[in-house]
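Note that the coordinates shown come from a computational prediction; the quantities given were computed from them, not determined experimentally.
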Amino acid sequence: MSKKLMLGNEAAARGLYEAGCEFVSSYPGTPSTEITEFAAKYDEIYAEWAPNEKVAMESAFGASFGGKRSFCGMKHVGLNVAADPLFTLSYTGVNAGMIIGVADDPGMHSSQNEQDSRHYAIASKVPMVEPSDAAESKEFTKLAFELSEKFDTPVLLKMCTRVAHCQSVVELEDRVAKDTVEYEKNPGKYIMTPANAIKKHPIVEKRLEDLREWAESCDINREENGKDNEYGFITSSTSYQYVKEVFEDKYPVLKIGLINPLPVKKILDFNEKVKNLVVVEELDGIIEEHCNKIGLRPIGKDKFTNLGEFSQTIIANAFDIKKEVPFTFEEEVPARPPALCAGCPHRGIFYVLHNRNITVHGDIGCYTLGAMPPLNALDSTVCMGASVSGIHGFNKARPELANNTVAVIGDSTFMHSGVTGLINIAYNESNSTVIILDNSITGMTGHQQNPTTGINLKGDPAGKVCLEDLCKSIGIKRVRVVDPYDIKECEHVIIDELDAMEPSVIISRRPCALLKNVKHPGPIECDTEKCVGCQACMRIGCPAISMVKGKAHVDETLCVGCGVCGQMCKLGALPLRKEAQDD
């Protein structure tokens with residue numbers, strides 16, 4: 001048996017492999033993405049990117065229905081998209097084992113909200129396991145398959161940013177292949193008409209009772225002794241790590257691995273052994289509320305916040321303990337505000353939209369950074385696909401503003417949930433202009449393929465959606481394609497489409513500047529003799545441009561030579577990109 005230092009997500013993928021999982025379908029979303037990327041490295045596992053999380057979950061259920069162990073992965077807001085099948089799969093149960101991986105993002109490092117996925121486990125009446133490090137990520141994944149098949153249910157595997165991206169030593173074991181579970185026609189189990197669902201609900205409730213009984217004695221809910229019983233801590237996930245780092249073995253700890261359903265007797269017995277019961281958990285007080293329901297009054301959110309991530313310092317400060325915080329810097333690290341990358345194809349479009357003071361319904365992706373100074377181009381960002389649905393409602397409510405309002409959405413996000421909004425625009429005929437920012441990749445989560453790229457997760461050629469044809473097929477008659485590096489063309493086309501009194505789509509097409517297969521003409525150099533320091537080039541917010549001694553300076557390590565800045569300079573101090581010069 002060998003050992004390896006692994007990320008939590010990598011270890012979860014290893015758990016899928018060792019448990020004999022054969023089917024993985026996911027939509028990328030930080031911090032969950034790497035589970036699927038690592039799973040795809042195992043030849044024994046079929047792995048794919050689905051257009052969205054709902055499709056991924058339904059596909060994983062289909063594989064389970066067919067008799068193969070399956071997995072689907074997503075981030076916390078992705079579980080919102082997949083909630084529809086989740087609640088009904090709780091009723092149908094499974095054939096072969098099925099795991100739903102969900103990764104929360106306390107602190108909102110890359111998310112638009114800070115929701116706690118444990119609520120979904122409770123509401124859908126589905127068991128949830130929650131590892132606290134990479135080693136547990138692997139073991140809990142394997143255990144989740146066993147629970148799924150033993151209790152006839154999908155199982156939620158809850159990760160979070162720190163567990164997903166932490167590293168710890170993991171013991172590697174051999175894969176145990178599983179025989180295909182035979183499919184038998186069973187309408188009462190799998191066809192959720194009201195008559196059948198009514199019969200299944202009591203079964204779900206009985207399953208919860210059985211799981212709670214299992215929770216009383218399972219190894220993943222474990223009690224650790226302490227030297228002093230003044231306090232006793234109930235905790236889970238990363239909070240467990242922080243409690244152990246601050247207090248070491250001083251106080252007893254009840255570490256919860258099965259977060260739903262929670263045990264009752266085990267907690268009551270633990271409470272009898274300590275003077276003061278303390279619950280330490282990130283985000284909402286799920287464990288604390290459970291303790292309240294069974295008659296206990298632990299120290300919890302009255303001492304710990306339900307906002308953001310915890311740390312050793314937060315735990316120590318709550319108990320007035322002076323604790324050295326590791327890895328601190330003597331000097332404050334300068335803030336680094338997020339920005340579109342040098343050469344980002346979205347920059348030109350956002351410059352035009354901001355310059356013309358156009359109202360912009362934004363969406364989720366790299367292009368959300370268009371909201372940052374100096375572009376300040378977005379007016380709203382809600383969730384995946386909301387820009388396209390939102391502009392329809394906005395323009396129906398305020399038709400007089402339609403000729404100065406657009407929606408922007410990326411190619412991957414458009415395939416995820418934007419296309420249905422566009423169908424609504426075409427069907428209900430709102431005078432709306434949608435700009436699809438096609439950078440040929442799913443960018444924000446680290447360059448994953450999507451249905452518009454023609455390449456699958458394994459890197460093989462795949463079916464490719466033609467955005468122009470798709471838009472026309474659903475009833476959009478006006479479809480234009482522009483090069484976002486050409487500011488004048490973009491401005492001309494945007495004005496044209498806003499003036500048109502009918503639905504229209506503009507496809508802004510340039511591949512992401514960071515793609516390995518994209519060739520750039522190379523950095524440009526400022527002609528300091530022509531530069532007068534007017535800072536017009538700074539209006540596009542390119543990180544490759546700065547002012548040095550009153551003159552524009554281009555960082556050749558960042559500049560890709562897109563030439564957008566040259567179109568800002570009326571004096572010719574910044575040359576156009578070589579492609580444009582050749583044209």
Side-chain angles (χ1 to χ4, degrees), residues 19-23 25 50 52-72 74 78-102 117-130 143-158 178-218 220-221 258-265 286 289-290 293-294:
C21 179
E22 293 191 47
F23 182 93
S25 183
N52 64 34
E53 295 85 358
K54 181 177 186 290
V55 172
M57 187 178 293
E58 292 161 349
S59 299
F61 170 70
S64 165
F65 189 52
K68 300 290 188 181
R69 283 186 167 184
S70 67
F71 171 87
C72 59
M74 61 206 69
L79 192 53
N80 298 334
V81 180
D84 193 3
L86 170 65
F87 279 72
T88 302
L89 293 181
S90 174
Y91 276 41
T92 65
V94 299
N95 191 20
M98 176 182 171
I99 297 177
I100 301 163
V102 57
S117 294
R118 294 179 295 174
H119 290 290
Y120 270 112
I122 296 167
S124 64
K125 304 179 188 295
V126 167
M128 172 182 275
V129 295
E130 186 176 27
L143 174 63
F145 277 123
E146 296 176 13
L147 291 176
S148 177
E149 292 168 353
K150 178 178 180 179
F151 293 98
D152 188 16
T153 177
V155 175
L156 285 158
L157 171 69
K158 180 182 175 292
K178 293 292 180 178
D179 293 335
T180 300
V181 180
E182 289 300 319
Y183 163 71
E184 295 180 2
K185 193 175 183 66
N186 190 344
K189 176 175 169 60
Y190 294 113
I191 300 177
M192 282 301 98
T193 58
N196 289 336
I198 287 171
K199 296 174 184 177
K200 291 303 292 284
H201 191 183
I203 296 173
V204 172
E205 299 297 340
K206 177 62 167 59
R207 182 184 70 206
L208 272 178
E209 292 177 15
D210 294 341
L211 278 161
R212 186 167 286 111
E213 184 178 344
W214 184 83
E216 300 290 356
S217 58
C218 67
I220 63 173
N221 291 340
L258 181 69
I259 206 68
N260 187 61
L262 289 163
V264 175
K265 185 176 183 301
I286 302 293
E289 184 179 346
H290 174 73
K293 285 182 178 179
I294 61 176

Exercise. Residues two or more places apart in sequence or in another chain: which of them pass side-chain hydrogen bond (donor to acceptor under 3.5 Å, both in side chains) with Ser117?
Worked result: Asp104
For this session: Sorted by first residue and then second, give each side chain to side chain donor-acceptor pair (under 3.5 Å) pair with at least one member in residues 188-198; sequence neighbours left out.
Result: Asp152-Lys189, Thr193-Asn196
Seminar exercise, completed: Taken in chain and number order and not counting sequence neighbours, the residues that satisfy side-chain contact (heavy atoms from CB on, under 4.5 Å) with Asn221 are Ala215, Cys218, Ile256, Leu258, Pro263, Lys266
Exercise. Excluding sequence neighbours, so at least two apart, what forms side-chain hydrogen bond (donor to acceptor under 3.5 Å, both in side chains) with Glu53?
Worked result: His416
Seminar exercise, completed: Residues pairing under salt bridge (charged side-chain N to carboxylate O under 4.0 Å, His left out) where one sits in residues 82-98, two or more places apart or in two chains, turn out to be none
Exercise. Between CD1 of Ile122 and CD1 of Ile259, what distance do you get to the nearest 0.5 Å?
Worked result: 8.5 Å
Problem set entry | Lys265: side-chain contact (heavy atoms from CB on, under 4.5 Å) partners, not counting sequence neighbours | Glu216, Asp269
Exercise. What heavy-atom pair brings Leu89 and Pro154 nearest, and what distance separates the two atoms?
Worked result: O-CD, 3.6 Å
Exercise. Going by the salt bridge (charged side-chain N to carboxylate O under 4.0 Å, His left out) test, which pairs reach into residues 197-209, not counting sequence neighbours?
Worked result: Lys125-Glu205, Lys206-Asp210
For this session: Only counting residues at least two apart or in another chain, list the ones meeting ring pair (Phe, Tyr, Trp, His ring centres under 6.0 Å) with Tyr183.
Result: Phe65
Exercise. Of all residues at least two apart in sequence or in a different chain, which pass the side-chain contact (heavy atoms from CB on, under 4.5 Å) check with Ala197?
Worked result: Tyr91, Met192
Seminar exercise, completed: In this structure, CZ of Phe71 is separated from CD of Glu22 (nearest 0.5 Å) by 16.0 Å
Problem set entry | Residues which pass side-chain hydrogen bond (donor to acceptor under 3.5 Å, both in side chains) with Ser124, listed by chain and number, not counting sequence neighbours | none
Problem set entry | Sequence-distant partners of Arg118, side-chain hydrogen bond (donor to acceptor under 3.5 Å, both in side chains), two or more places apart | Asp116, Glu281
Exercise. Of all heavy-atom pairs between Asn95 and Ser64, which one has the smallest distance, and what is that distance?
Worked result: CB-O, 3.0 Å
Problem set entry | Contacts of type side-chain contact (heavy atoms from CB on, under 4.5 Å), residue Pro187, not counting sequence neighbours | Lys185, Ile191
